[in-house]
Asker: 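First, the structure itself, so that you have it in front of you.
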Amino acid sequence: MSTAILTGPPVPGSSIEGDLRSLGYDVRVAADPADAETLLAQVPGDQRVAVVDARFVGHLHALRLGLTDPRFPLAAVPGAVTAQPAGRQALTRAMARENSAGGGTAVAVDSLADRIVTALDDEGTDVQRPELGSLVAAVPADPQARNEARQAVAAVDDEAVRLKSAVKSRDGFFTTFCISPYSRYIARWCARRGLTPNQVTTASLLTALIAAGCAATGTRGGFVAAGLLLIFSFVLDCTDGQLARYSLQYSTLGAWLDATFDRAKEYAYYAGLALGAARGGDDVWGLALGAMVLQTCRHVVDFSFNEANHDATANTSPTAALSDKLDSVGWTVWVRRMIVLPIGERWAMIAVLTALTTPRITFYALLIGCAFAATYTTAGRVLRSLTRKARRTDRAAQALADLADSGPLAQGFAEAFKNPARRLPGFAVPAAALLGGAAVVAVAALTDFGGPWPIVAALVYAVTAGLAVARPLKGALDWLVPPFFRAAEYGTVLALAVKAGVNGALPAAFGLVAAVAYHHYDTVYRIRGNAGAPPAWLVRVIGGHEGRTLLVTVLAAALTASQFKVALTALAVAVALVVLVESIRFWVSSGAPAVHDEGEPA
């Protein structure tokens, strides 16, 4: 139970006590600031506590935004301040400081809650102040001001604002105009029936898995049903985030589920399409795996670029200025959001093509669209990086090193190359990653299956990978290193599975890449939540990107094609078990902060 301490002179007819109780607070009334300090000390330390001025006038949703958001230790709106257990000490110190400085008479002329917030600011303590927009939150000083505040409250529809704010501020065209206009009402319906975002997220996953099962039937009816269910799954996918924002039900577990289930749904659907095509005599597993590789590499480009630059200093460039200028022209905003093929547009395209065409055509369109989007976004980011005069931080360099996922082999070579690497020009780091990765993929694709040359190329790749991470990744284009590593590892697995030429090798490779990709997505969301990278033991156990690449080439050389298929399957299961167990343990039990995007992920 949360506790609200109401301070200041009571106001006849005020609804503040009822509003606080409707938000789940037990209300206690303080006679003066000293009494408020006493009441604060009586509240158990593991409970949320709020200090609210009795004269507060405003919308209920303004109070909800200020006093119930679980993501922030300390938060405030005018006339009210709240602390979760993590911010309790700071709140107690600030109140004691104000009481000793201001005495018990000051509460009659200004707000104790606002003075506490000022004291917290003076200490350098972070206090979240939510954007209220047209919502009202005020502490009127006299009857006339109170009248004006009440009129301002009556002039704004609290519920309409709450519904509007449930929708992301930045979304794709399809989501904005085809989904959000009605999914927000589904979110409100769910909130009024006590459903949680996690339940809606799970329903979205189950719907997508059923859609994949329908696609796997290989019948026209199954494909039509799959397309419709995929769209419905996306509606639920939008609804869960809108429900979280509408009811402020954010959680660490919810952030993890939302982040991982999107990829699980999409890649399971690719597998369903491939199975359905196989029933009709068309083998598209290579296309399905290619689509997964391309899509995952696109995401790694996004994540690496953002981590490299989000806290860079002097973060300006002519390319960025041009992009901002284009964003001020209405129609270019939507065109630019659509051509990057974000999740809404992508899923809509997949659903329509599934229902009307064949899995092969669906994958061709997906690969072409994603390849164009990847080229467009990567080229723009390279231009920004080359024209931007910025210094990148140690945190950014560490994030890129963690995203690189280097195993013992690469780390050993990195240690050996530490001194020579300092003398290399800036372009040498991404060039080493690119050339080594391209070499191992090309050799795997162009030589006969079972030969020794892929092993030699994988060893060379381990050396170049070590060279690429031998010094801090602070160069202008060093953010390209993790995506180059991802393309090298996934591409090698794809090439060797194709060269094996036996039934079942490509599905096994699909499973292995899916398991490894999960590990890489998990790494991304840990870093974005400021929770650090996965533990070093996990990276060692699963070998790092260069270790897994070398292992797959050794298996291809040492085993027959049929044995190689079995080995890939076993490796996929082993990697999946290790990374899933550790990931679930971490997100469920660690108390890591939640991560919630306000833009549509690609």
Side-chain angles (χ1 to χ4, degrees), residues 68-71 163 165-172 174-175 178-180 182-213 226 228-272 295 299 342-344 346-348 350-351 514 517-518 521-522 524-526 528-529 531 576 579-580 583-602:
T68 66
D69 195 322
R71 294 174 295 174
L163 271 174
S165 63
V167 178
K168 285 180 180 177
S169 57
R170 177 182 172 87
D171 249 334
F174 179 76
T175 305
C178 301
I179 304 296
S180 291
Y182 58 88
S183 61
R184 69 185 73 182
Y185 295 101
I186 300 175
R188 181 170 67 180
W189 183 90
C190 292
R192 290 177 175 176
R193 282 151 185 82
L195 297 176
T196 67
N198 291 354
Q199 291 170 334
V200 178
T201 302
T202 303
S204 176
L205 173 66
L206 294 175
T207 303
L209 294 179
I210 295 171
L228 292 172
L229 286 169
L230 188 63
I231 292 295
F232 182 57
S233 174
F234 183 65
V235 172
L236 293 175
D237 185 56
C238 294
T239 300
D240 65 358
Q242 291 166 359
L243 174 58
R245 285 181 287 274
Y246 180 85
S247 56
L248 301 183
Q249 294 184 74
Y250 301 112
S251 69
T252 301
L253 178 61
W256 172 65
L257 292 176
D258 188 54
T260 55
F261 279 12
D262 277 352
R263 304 286 75 80
K265 288 181 285 190
E266 186 167 3
Y267 298 157
Y269 192 82
Y270 292 176
Q295 190 56 37
H299 282 137
I343 188 170
R346 191 168 67 251
W347 282 25
I350 293 171
Y518 177 88
Y521 281 112
D522 186 58
V524 165
Y525 281 94
R526 292 192 196 211
R528 292 175 69 178
V579 299
L580 276 172
S583 177
I584 292 170
R585 180 208 64 78
F586 172 79
W587 288 105
V588 172
S589 64
S590 70
V595 181
H596 294 273
D597 293 320
E598 288 306 313
E600 185 173 59

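Position 1 is the first residue of the sequence, and the numbers go up from there.
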Asker: Quick one: salt bridge (Lys or Arg N to Asp or Glu O under 4.0 Å) partners of D240, sequence neighbours excluded?
Answerer: none
Asker: Excluding sequence neighbours, so at least two apart, what forms side chain to side chain contact (heavy atoms under 4.5 Å, CB included) with A271?
Answerer: W285, F510
Asker: Roughly how far, to the nearest 0.5 Å, is the OG atom of S180 from the CG atom of D171?
Answerer: 5.5 Å
Asker: Any side-chain heavy-atom pair from Q242 and R188 closer than 4.5 angstrom?
Answerer: no
Asker: With sequence neighbours excluded, tell me which residues meet side chain to side chain donor-acceptor pair (under 3.5 Å) with S204.
Answerer: S233, K265
Asker: List the residues meeting side chain to side chain contact (heavy atoms under 4.5 Å, CB included) with A203, not counting sequence neighbours, and say none if there are none.
Answerer: L236
Asker: Evaluate the side-chain proximity of I231 to W347: yes if any heavy-atom separation is below 4.5 Å, no if none is.
Answerer: no
Asker: Among all residues two or more places apart in sequence or in another chain, which pass the side chain to side chain contact (heavy atoms under 4.5 Å, CB included) test with I584?
Answerer: W256, V588
Asker: According to side chain to side chain donor-acceptor pair (under 3.5 Å), who are the partners of S247, at least two apart in sequence or on a separate chain?
Answerer: Q249
Asker: Among all residues two or more places apart in sequence or in another chain, which pass the ring pair (Phe, Tyr, Trp, His ring centres under 6.0 Å) test with Y521?
Answerer: H299
Asker: Stepwise, does the side-chain contact (heavy atoms from CB on, under 4.5 Å) test hold for L257 with W587?
Answerer: CA-CA 9 Å; L257 292 176; W587 288 105; over 6 Å; no
Asker: For residues L243 and P197, report the shortest heavy-atom separation together with the two atoms involved.
Answerer: CD2-N, 3.5 Å
Asker: Using ring pair (Phe, Tyr, Trp, His ring centres under 6.0 Å) as the criterion, list what pairs up with Y270, not counting sequence neighbours.
Answerer: Y267, F363
Asker: Can you tell me how far CG of D522 sits from CG of L580, rounded to the nearest 0.5 angstrom?
Answerer: 9.0 Å
Asker: Could you give all pairs that pass the salt bridge (Lys or Arg N to Asp or Glu O under 4.0 Å) test and reach residues 193-206, with sequence neighbours left out?
Answerer: none
Asker: Any side-chain to backbone donor/acceptor pair from T239 onto A187? Under 3.5 Å, distance only.
Answerer: no
Asker: Taking only residues two or more places apart in sequence, or in another chain, which ones meet D69 in a side chain to side chain donor-acceptor pair (under 3.5 Å)?
Answerer: R71
Asker: Write down the atom of I179, the atom of C238, and the distance for their closest heavy-atom approach.
Answerer: CG2-SG, 3.7 Å
Asker: Give the C-alpha distance, both sets of side-chain angles, the deciding distance and a yes or no for side-chain contact (heavy atoms from CB on, under 4.5 Å) between L205 and D237.
Answerer: CA-CA 8 Å; L205 173 66; D237 185 56; over 6 Å; no
Asker: At what distance, to the nearest 0.5 angstrom, does CZ of F261 lie from CG of N198?
Answerer: 8.5 Å
Asker: What's the separation between atom SG in C190 and atom OH in Y185, rounded to the nearest 0.5 Å?
Answerer: 15.0 Å
Asker: Provide the closest heavy-atom pair for A531 versus F586 in the form atom of the first, atom of the second, distance.
Answerer: CB-CZ, 3.5 Å
Asker: First locate atom CD1 of I186, then atom OH of Y246, and finally report the distance between them rounded to the nearest 0.5 Å.
Answerer: 14.0 Å
Asker: Which residues pass the side chain to side chain contact (heavy atoms under 4.5 Å, CB included) test with A226, not counting sequence neighbours?
Answerer: C214, A215, Y269, T354
Asker: Of all the heavy-atom pairs spanning L248 and P70, show the shortest one and how long it is.
Answerer: O-CD, 3.4 Å
Asker: Using the test side chain to side chain donor-acceptor pair (under 3.5 Å), find all partners of R184 that sit at least two apart in sequence or belong to another chain.
Answerer: none
Asker: Please tell me if the side chains of I343 and D262 come closer than 4.5 Å, counting only heavy atoms from C-beta onward.
Answerer: yes
